[in-house]
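First up is the structure itself, then whatever we jot down about it.
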Amino acid sequence: MNTLASEQTYTPRPNWFARTENWLDEKGKGAWIAAMVLGFIFFWPVGLALLAYMIWSKRMFSGKSCANRRNRSVMSTRSTGNAAFDAYKADTLRRLEEEQGHFEAFLERLREAKDKAEFDQFMDDRAKREDAGSNA
């Protein structure tokens with residue numbers, strides 16, 4: 001037996017689907033969207049299948065903006081090493097969270113007032129219809 005042949009390992013070539021997926025990944029999200037649109041244009045089930053695959057495989061939402069949001073939340077709790085700045089940052093974040101709570105309470109009061117006004121108008125309209133129906 002030839003020892004050279006036994007040392008070489010066989011690596012199977014990826015199928016057409018894996019090659020296409022890798023090619024589209026190299027080109028970016030725009031290539032995936034273009035492939036999906038072309039799929040919808042030429043044969044709509046292909047476009048629908050690509051859309052479902054993009055959502056299922058998390059390719060649709062794996063952009064840099066999602067990663068930046070996660071990094072921002074981690075950065076807000078991390079210490080800088082400067083005690084004065086960390087105290088200032090903590091105080092500012094606490095104040096902003098308090099203002100956010102006040103604003104959300106204000107919006108809730110506005111929603112409740114709007115709901116009450118709409119309900120009162122409904123009851124007034126209903127009472128007018130009943131009065132008009134009994135007078136006729």
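Everything numeric here is computed off the predicted structure, so don't read it as measured data. For this chain, numbers begin at 1 and follow the sequence in order.
The main-chain N or O of Ala18 is found under 3.5 Å from a side-chain atom of Asn22 such that the two form a donor-acceptor pair.
Sparse packing is recorded around OH of Tyr88, with 12 or fewer heavy atoms of other residues, nucleotides or ligands lying under 6.0 Å away.
Among residues two or more places apart in sequence or in another chain, the salt bridge (Lys or Arg N to Asp or Glu O under 4.0 Å) test is passed with Glu98 by Arg94. With sequence neighbours excluded, the residues forming a side chain to side chain donor-acceptor pair (under 3.5 Å) with Thr80 are Asp86, listed by chain and number. Residues satisfying the side chain to side chain donor-acceptor pair (under 3.5 Å) test with Glu97, not counting sequence neighbours, are none. Under the side chain to side chain donor-acceptor pair (under 3.5 Å) criterion, Asp115 pairs with no residue at all, not counting sequence neighbours. Glu112 is linked by a side chain to side chain donor-acceptor pair (under 3.5 Å) to nothing, counting only residues two or more places apart in sequence or in another chain. Listed by chain and residue number, Leu24, Lys27 satisfy the side-chain contact (heavy atoms from CB on, under 4.5 Å) test with Ala31 (two or more places apart in sequence, or in another chain).
In this structure, CG on Leu50 lies 11.0 Å from CD1 on Ile55, to the nearest 0.5 angstrom. Note that CG of Leu93 and CD of Gln100 are 11.0 Å apart. Values are rounded to the nearest 0.5 Å.
Paired with Met36 under the rule side-chain contact (heavy atoms from CB on, under 4.5 Å), one option of Leu51, Leu48, Ile41 passes, and it is Leu51.
The side-chain hydrogen bond (donor to acceptor under 3.5 Å, both in side chains) contacts involving residues 31-52 comprise Asp25-Trp32, where partners must be two or more places apart or lie in separate chains.
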Donor-acceptor pairs under 3.5 angstrom involving side-chain atoms of residues 119-129: please list them, not counting sequence neighbours.
unit_1	atom_1	unit_2	atom_2	d
Asp120	OD2	Lys116	NZ	2.9

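Clustering of Ile, Leu, Val, Met, Phe, Trp and Tyr by side-chain heavy atoms under 4.5 Å joins Phe103 with Phe106, Leu107, Leu110.
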